[in-house]
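What follows is a single structure, written as structure tokens, with notes after it.
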2 protein chains.
Amino acid sequence: MNSKKVPEGTITRLFIYLRELTELARLNIRTISSAELGERTNLSDAQVRKDLGYFGQFGTSGSGYQTEELKNALEKILGKDKTWNVAIVGVGHLGSALLTYPGFKERGLNIVAAFDADARKIGKQAKEVTVQSIDELPGTISDKKIVIGVIAVPAKQAQEVADKLVKAKVECILNFAPTALTVPEQVKVKDVDLSRELETLSYFLANKERTRQLIDQQTS
Amino acid sequence: MNSKKVPEGTITRLFIYLRELTELARLNIRTISSAELGERTNLSDAQVRKDLGYFGQFGTSGSGYQTEELKNALEKILGKDKTWNVAIVGVGHLGSALLTYPGFKERGLNIVAAFDADARKIGKQAKEVTVQSIDELPGTISDKKIVIGVIAVPAKQAQEVADKLVKAKVECILNFAPTALTVPEQVKVKDVDLSRELETLSYFLANKERTRQLIDQQTS
DNA sequence: TAAACTTTGTGAAAAGTGGCACAAACTCTG
DNA sequence: CAGAGTTTGTGCCACTTTTCACAAAGTTTA
Ligand SMILES: NC(=O)c1ccc[n+]([C@@H]2O[C@H](COP(=O)([O-])OP(=O)(O)OC[C@H]3O[C@@H](n4cnc5c(N)ncnc54)[C@H](O)[C@@H]3O)[C@@H](O)[C@H]2O)c1
Ligand SMILES: NC(=O)c1ccc[n+]([C@@H]2O[C@H](COP(=O)([O-])OP(=O)(O)OC[C@H]3O[C@@H](n4cnc5c(N)ncnc54)[C@H](O)[C@@H]3O)[C@@H](O)[C@H]2O)c1
């Protein structure tokens, strides 16, 4: 095992391998080679081996990897054997969608609190969670051992909410507001910018059109 | 201006700069240096200049960039001076949030149609759009000149919806379902996998001690 | 007008990332 | 048990992207 920095892409791919291994285990397939695993995930055999190489040696020359064993190892590496408590701040359109999404719990992320500043939203029930006033955030974060804060408020309020979350000592923030947050470096921020993804497509379309015009000019 | 290949990351960051420039223009701030712009977007001054450098020379030594001028230039580069018609397929929790979000129109992405397979949702009004039956998709896509399709249905139905969108001749697909789609190569697919983002956080938490030492690279 | 200061634009160096290729390790076969 | 076959783990190389660093260009000051 080398202790070099692990590329972001490796982590993403490990989740893909894990998903495939879970399927293989279900099908009672006991061993798999990097070539086969790569085939099934549209990745190269070398990529598979290199990714695993960051975390140790899991295979056997000549036969490959034990499905079950590698699956367990990846679950441990990826933190799938643990669960974490999550709070959502801002129960608007997006916040509500997140609150009811079952995919979080399936991945070991339990939403155990929700906060909003709007009096009309406070007290509302969504799944097992009751919307609380933002003023109760510090106490609840600490009492319920919440380690992830999800920001789903308008961009203008995002930094203010981030400050409250940091003060309450969350360890990660998942930020849906389209704005850059400033936080101490020990707090991990993950930005998810839905608009930007769409915007990227508009760049693609604009370029496609430009290219087409250039080609038209050349051909005509 | 050099005509070398523009990194993917550069495009993403240009949108970030543009967002900040729009805010600066609103605040009537006339000029900005790469250092200040970098400060406000959590990026380095060199990164800002390099990114802009792919598209031309926009600044003035000694004083920086004209806010309004750079904003206009970026809008043109990024295709923001055009608008595109968008359809949403699947008006559930996420689809509804997207439908009512005003940020898309502001960015030249007009949601002009929405489709669902559930009879109870059809006919529902959301903003200016009435939810239509999925059967009307081909006709509407063509009539309304829709170039982007957004998939917000459960993973199991995602490929089937993608096939319909491709057949109806959309040029891009934004896919929120956590599954890999197979489409012809002339159709651009952008996956937004919220689950993946969450999974990454659980990895971070599980490996916090190690990751904390290597936190330098998290600007993306 | 000149000197001090600020900031850009960009080559060159550094860092990060993926693919190749092969020795070493192991399995299989007769 | 030897020789043929399979597959891993990793050093090395090619490529991409970011950071560095500084001359050139502009601004400000006196
Ligand atoms: N809805 C979408 O499709 C969409 C798409 C892209 C980005 N976003 C971003 O996600 C964020 C949320 O979007 P939305 O559509 O859910 O907005 P929304 O207006 O529906 O909801 C925002 C919620 O935040 C609450 N709030 C405001 N200030 C608060 C504060 N200081 N503390 C606690 N709660 C506060 C409001 O009361 C409201 O309930 C925004 O930043 C938006 O830009 C949303
Ligand atoms: N809600 C979230 O917070 C969230 C988070 C991460 C990922 N996602 C993903 O986004 C997608 C949508 O999530 P959601 O929470 O909105 O689900 P949802 O169940 O609330 O909505 C899905 C909608 O799609 C419609 N639908 C089903 N099959 C269809 C078909 N063949 N054609 C047209 N419409 C069809 C359903 O009638 C329903 O209205 C899912 O793939 C989900 O995994 C959602």
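So that the names make sense, note that chain A is the first sequence line, chain B the second, and so on, each numbered from 1. From a predicted model like this one, the values you see are computed outputs, not experimental measurements.
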Salt bridge flag under 4.0 Å for residues A/K190 and A/E8: yes
For D/dG9, does OP1 or OP2 lie under 4.0 Å from any side-chain N or O of A/R49? no
Go through it in stages, so that I can follow the logic: the residues are B/R30 and B/N28, the test is side-chain hydrogen bond (donor to acceptor under 3.5 Å, both in side chains), and I'd like the CA-CA distance, side-chain angles, deciding distance and then a yes or no. CA-CA 6 Å; B/R30 297 298 176 78; B/N28 244 300; 3.3 Å; yes
Contact letters for nucleotides 25-30 of chain D, in which S counts primed atoms plus P, OP1 and OP2 and B counts the base, heavy atoms under 4.0 Å: BS----
To the nearest 0.5 Å, tell me how far B/R13 CZ sits from B/L18 CG. 15.0 Å
Is B/K50 salt-bridged to B/D45, cutoff N-O under 4.0 Å? no
Report yes or no: is there a donor-acceptor pair, N or O only, under 3.5 Å between the side chain of A/K50 and the base of C/dG19? yes
Would you mind reading off the distance between B/D45 atom CG and C/dG9 atom C1', rounded to a whole angstrom? 12 Å
Sorted by chain and number, sequence neighbours left out, salt bridge (Lys or Arg N to Asp or Glu O under 4.0 Å) with B/E160 holds for B/K164
Contact under 4.0 Å: B/K5 side-chain N or O vs D/dT17 OP1/OP2: yes
Show every donor-acceptor pair shorter than 3.5 Å between a side-chain atom in residues 35-43 of chain A and any protein atom, with sequence neighbours excluded, or say none if there are none.
{"from": "A/E36", "atom 1": "OE1", "to": "A/S33", "atom 2": "N", "distance (Å)": "3.4"}
{"from": "A/E36", "atom 1": "OE1", "to": "A/S33", "atom 2": "OG", "distance (Å)": "3.4"}
{"from": "A/R40", "atom 1": "NH1", "to": "A/E20", "atom 2": "OE2", "distance (Å)": "3.0"}
{"from": "A/T41", "atom 1": "OG1", "to": "A/L37", "atom 2": "O", "distance (Å)": "2.7"}
{"from": "A/T41", "atom 1": "OG1", "to": "A/G38", "atom 2": "O", "distance (Å)": "3.3"}

Salt bridge between A/R196 and A/E199, side-chain N to carboxylate O under 4.0 Å? no
Expected output is a numbered-order residue list: members of residues 20-38 of chain B with a heavy atom under 4.0 Å from any atom of DNA chain C. What is it? B/S33, B/S34
Got a sec, which residues hit side chain to side chain contact (heavy atoms under 4.5 Å, CB included) with A/K169, two or more places apart in sequence or on another chain? none
N or O in side chain of A/Y54 less than 4.0 angstrom from C/dG18 OP1/OP2: no
Cationic N near anionic O, under 4.0 Å, B/K167 to B/D163: no
Looking at B/Y65, does any N or O in its side chain come under 4.0 Å of the phosphate oxygens OP1/OP2 on C/dT6? no
To the nearest 10 degrees, the angle between the two end axes of the helix from C/dT1-D/dA30 to C/dG30-D/dC1 (five pairs per end) comes to 10°
Distance-only side-chain donor-acceptor flag, A/R49 / A/S34, under 3.5 Å: yes
D/dT17 OP1/OP2 closer than 4.0 Å to side-chain N/O of B/Q47: no
Do B/P184 and B/V166 have side chains that get closer than 4.5 Å, going by heavy atoms? yes
Does A/R13 put a side-chain nitrogen or oxygen below 4.0 Å from OP1 or OP2 of C/dG18? yes
